[in-house]
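One structure is given here, and the rest of the page talks about it.
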2 protein chains.
Amino acid sequence: MATKTAKPEAVSLPLNEILAGDCIEVMRGLPAGSVDLIFADPPYNLQLRGELHRPDNSRVDAVDDHWDQFASFAAYDRFTRDWLAEAQRILKPNGAIWVIGSYHNIFRVGAALQDQGFWILNDVVWRKANPMPNFRGKRLTNAHETLIWASRSEGAKYTFNYEALKALNEGVQMRSDWVLPICTGSERLKDAAGDKAHPTQKPESLLHRVLVATTNPGDVVLDPFFGTGTTGAVARMLGRSFIGIEREEGYRRIAAERIARVRPYDRSALEITTSKRAEPRVPFGTLVERGMLRPGEVLVSPRGQTAKVRADGTLAADRMTGSIHQVGAHYEGAPSCNGWTYWHFKREGKMVPIDLLRQQIRAEMDRPQAH
Amino acid sequence: MATKTAKPEAVSLPLNEILAGDCIEVMRGLPAGSVDLIFADPPYNLQLRGELHRPDNSRVDAVDDHWDQFASFAAYDRFTRDWLAEAQRILKPNGAIWVIGSYHNIFRVGAALQDQGFWILNDVVWRKANPMPNFRGKRLTNAHETLIWASRSEGAKYTFNYEALKALNEGVQMRSDWVLPICTGSERLKDAAGDKAHPTQKPESLLHRVLVATTNPGDVVLDPFFGTGTTGAVARMLGRSFIGIEREEGYRRIAAERIARVRPYDRSALEITTSKRAEPRVPFGTLVERGMLRPGEVLVSPRGQTAKVRADGTLAADRMTGSIHQVGAHYEGAPSCNGWTYWHFKREGKMVPIDLLRQQIRAEMDRPQAH
DNA sequence: TTACAATCTGAATCCATGC
DNA sequence: CGCATGGATTCAGATTGTA
């Protein structure tokens with residue numbers, strides 16, 4: 001949890017540390033292909049920071065005419081493309097990124113992500129349960145922020161814990177709109193004067209959902225705009241490693257203290273609901289080899305179609321032979337068919353899906369074995 | 001309501017007509033500074049690959065129309081900037097624009113709007129009450145689309161009927177997220193074969209809210225991607241004038257017939273009836289995300305059974321895991337169980353049902369909202 | 001006629017693995 | 001790289017069919 005300066009020549013990953021400095025420069029010192037996930041909450045105020053420059057590098061003092069507006073957009077785009085390029089380099093090939101923003105900056109970030117070759121997986125709306133009203137009544141209450149979830153490149157095998165998110169949502173597929181409260185109360189960090197320590201502290205519930213959805217325990221999560229360390233705090237709770245980058249000394253100190261106070265959850269509590277896809281593949285032929293089904297035995301479909309088991313683990317139907325899936329698809333006239341749930345066999349007068357036999361084999365495989 | 005070709009030399013506005021042709025060329029024939037509002041539903045550039053089937057093997061009818069095909073992001077950007085330039089020219093100085101899109105295109109549209117000097121007022125999220133699920137379980141349900149509302153330039157005195165929208169929202173400020181159903185049932189236009197006439201017809205409720213919010217009776221609304229004319233139909237209902245531009249003859253014909261059937265509202269009929277929302281469903285996982293219960297914390301049943309909370313909102317018991325309801329039913333040997341009243345946690349020495357926490361969340365959510 | 005059940009569908013960047 | 005194959009995967013609402 002120490003705060004230290006990144007060494008550009010470092011090759012090993014500085015895990016669970018908050019690195020001091022400009023995020024682009026610090027990222028240049030991190031090794032390529034080393035991080036599983038990036039969560040980024042970049043600055044989006046185009047005027048306040050005074051760090052934006054025109055293409056000729058002159059400072060933008062005031063954004064009050066069309067040219068300055070364009071110049072500041074261009075400068076913001078350059079900044080965005082620079083940090084995204086480093087982010088992409090640091091990510092593992094199958095890594096992914098989340099970026100959060102509002103209408104001031106998110107469209108520019110999204111276009112930059114696409115131009116850079118990131119592949120957008122979802123845009124997610126954080127619907128704030130208790131937003132600040134629009135006091136002047138001149139616009140709609142700005143009641144949401146937008147997150148973009150993108151893989152490093154098209155075709156990457158990104159992490160998505162589908163069943164865990166479905167469980168989080170009471171058994172119904174998680175949607176792209178998330179209703180969560182803003183960060184208030186005791187969760188909101190205060191400075192010595194009792195004022196809020198950071199203007200845009202994100203709620204831990206938001207990071208909880210992001211990290212449960214798209215990382216596994218032990219993964220490395222990088223946050224290049226660390227602020228007061230919400231990403232690090234939730235990563236630690238959830239048994240993930242983090243790397244934080246933050247320029248402001250004050251934020252680094254608050255974040256380090258905050259994270260030191262975090263008590264990680266029990267390992268057993270971090271196990272999540274997994275999908276069938278993660279289970280080992282069992283060839284149908286194994287059932288025949290083990291004598292659970294005899295060659296010559298007849299399987300029956302829900303609609304009464306029949307097929308005969310052969311010694312090599314294929315099925316023989318009237319006019320064709322093939323795998324349990326192929327014969328099922330043939331009978332249904334369907335593009336595909338899950339033969340495990342389609343075919344049934346008779347035991348004690350009842351029709352039982354052959355998937356039950358697969359489950360028995362998997363249960364045997366799950367028993368602890370000598371090592 | 002006639003369908004006719006735009007004359008480039010025309011100076012007077014062709015009100016309540018559907019102009020035939022490419023929207024950029026037709027817009028070039030319209031006079032500068034003449035339109036109060038533009039509503040645009042441009043092609044999304046979906047870039048779909050192969051076929052997609054539902055789990056029941058039925059095929060999803062994809063948007064694979066020729067008008068949604070673009071060679072590259074660069075080609076899409078050129079197209080976007082071209083039609084936006086004409087849109088800006090045609091708008092009155094205090095005019096405004098709405099553009100709707102998905103993550104495939106909206107970031108590029110938003111950046112182009114900003115670059116062109118439009119001034120974004122809000123981004124609005126249309127939260128679909130009944131979206132199509134993600135059938136393969138590889139991403140989140142894509143449950144929303146994004147609208148951008150922007151004035152022609154910074155400082156423009158745009159129209160915003162704050163009180164009307166507040167009234168639409170049970171007396172509370174309208175938020176930037178709108179929950180509306182997708183266009184189905186009798187509202188969805190069908191062709192002679194009984195199939196949907198247009199693949200992406202928008203619901204009238206969406207246009208109703210847009211036009212009530214940002215136009216006054218008598219205003220002129222231009223829709224450069226008119227399709228089957230939802231904008232025109234709602235404009236006519238609400239006593240606004242419209243100009244439609246549509247390239248496809250078939251869509252123009254359907255739109256003209258549709259609009260001819262519209263009966264404009266009486267002024268007094270503009271009152272809307274609002275129904276009380278059903279009590280919102282609160283997933284148990286929300287309590288974990290929000291830190292009301294910690295992963296690893298032990299819940300207790302009235303008979304002393306225990307189970308441990310996991311990070312994804314499931315419970316772990318001795319020999320099983322599952323939802324709060326499933327584990328409760330397991331312990332009771334019952335077919336079902338209301339986990340909310342069954343499970344308790346300890347606070348200040350007392351056992352408290354977890355339903356109390358759900359009630360706290362509902363109290364937050366029950367504040368009147370967009371629906 | 002009513003009630004319930006079965007069927008259909010919606011702007012979708014929707015698989016993983018081995019040969 | 002392409003191609004073949006195993007086999008995992010859905011929610012709300014409207015419409016149609018049946019008792």
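In what follows, every chain begins at residue 1, and chains take the letters A, B, ... in the order their sequences are listed.
- Defined by atom type and a distance below 3.5 Å, a donor-acceptor pair is missing between the side-chain atoms of Asp68(B) and Tyr44(B).
- Closest to the Val60(B) side chain, of the nucleotides dA11(C), dT17(C), dA12(C), is dA12(C).
- A close approach under 4.0 Å does not occur between any side-chain nitrogen or oxygen of Lys128(B) and OP1 or OP2 of dG13(D).
- If Gln326(A) and Gln173(A) are placed on DNA chain D by their nearest nucleotide, the residue sitting closer to the 5' end is Gln326(A).
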Pairs under 3.5 Å (Watson-Crick or G-U), crossing ones as [ ], inter-strand ones as |: DNA chain C comes out as .|||||||||....|||||
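- No contact: Arg59(B) has no heavy atom under 4.0 Å from any strand.
- Of the candidates dA14(D), dT17(C), dA8(D), dA14(D) carries the atom nearest the Thr184(B) side chain, counting heavy atoms from C-beta on.
- Distances shown here put every side-chain N or O of Tyr342(A) at or beyond 4.0 Å from the OP1 or OP2 atom of dG6(D).
- A donor-acceptor contact under 3.5 angstrom links the side chains of Glu248(B) and His66(B), judged on distance only.
- Distance from the side chain of Ser186(B) is smallest for dT15(D) among the nucleotides dA11(C), dA12(C), dT15(D).
- Out of dT10(D), dA11(C), dG6(D), the shortest distance to the side chain of Val63(B) is found at dA11(C).
- The distance from atom CH2 of Trp343(A) to atom P of dG7(D) is 15 Å, rounded to the nearest whole Å.
- For Tyr103(B), the listed nucleotide lying nearest its side chain is dT13(C); candidates were dA12(C), dT13(C), dA11(C).
- Between the side-chain ring of Phe135(B) and the base of dC14(C), no stacking contact exists by the 5.5 Å and 30° definition.
- Side chain of His325(A), nearest nucleotide from dC14(C), dG10(C), dG7(D): dG7(D).
- In this structure, of dG7(D), dT9(D), dA11(C), it is dA11(C) that holds the atom nearest to the side chain of Leu46(B).
- Side-chain rings of His144(B) and Trp178(A) stay apart, their centers remaining 6.0 Å or farther from each other.
- Between Trp149(A) and Phe160(A), the ring center distance clears the sub-6.0 Å criterion.
- Side chain of Asp41(B), nearest nucleotide from dA11(C), dT9(D), dT17(C): dA11(C).
- Rounding to whole angstrom units, CD of residue Glu279(A) and P of dG7(D) are separated by 12 Å.
- Note: Phe79(B) and Phe70(B) have tilted aromatic rings, judged against thresholds of 30 and 60 degrees for the angle between ring planes.
- Straight-line distance from the CD atom of Glu187(B) to the P atom of dG10(C): 14 Å, rounded to whole Å.
- When the P atom of dC14(C) is taken as reference, atom CZ of Arg175(A) falls 20 Å away, rounded to whole Å.
- Across the protein-nucleic acid pair, Lys196(B) atom NZ and dT9(C) atom C1' stand 8 Å apart, rounded to whole Å.
- Phe284(A) places its CZ atom 14 Å from the P atom of dA8(D), with the value rounded to the nearest Å.
- When rounded to the nearest whole Å, the span between CZ of Arg54(B) and C1' of dT9(D) equals 13 Å.
- Lys166(A) comes within contact range of the sugar-phosphate backbone alone, with a heavy-atom separation under 4.0 Å but no base atom that close.
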So Val124(A) and Thr146(A), side chain to side chain contact (heavy atoms under 4.5 Å, CB included) or not? Walk me through it. CA-CA 6 Å; Val124(A) 174; Thr146(A) 301; over 6 Å; no
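- Screening Lys92(A), Arg152(A), Lys157(A) for a salt bridge (charged side-chain N to carboxylate O under 4.0 Å, His left out) with Asp36(A), the sole residue that qualifies is Lys92(A).
- In the set dC14(C), dG10(C), dG7(D), dG10(C) carries the atom at the smallest distance from any side-chain atom of Ile182(B).
- Stacking of Arg303(A) on the aromatic ring of Tyr331(A) is not recorded, the 6.0 Å distance cut-off and the 45° axial limit not both being met.
- Nearest to the side-chain atoms of Pro133(B) among the listed nucleotides dA8(D), dT9(C), dC11(D) stands dC11(D).
- Following rounding to the nearest Å, Arg136(B) (CZ) and dC15(C) (P) show an atom-to-atom distance of 5 Å.
- Both Ala129(B) and Ser336(A) sit near DNA chain D, but only Ser336(A) has its closest nucleotide nearer the 5' end.
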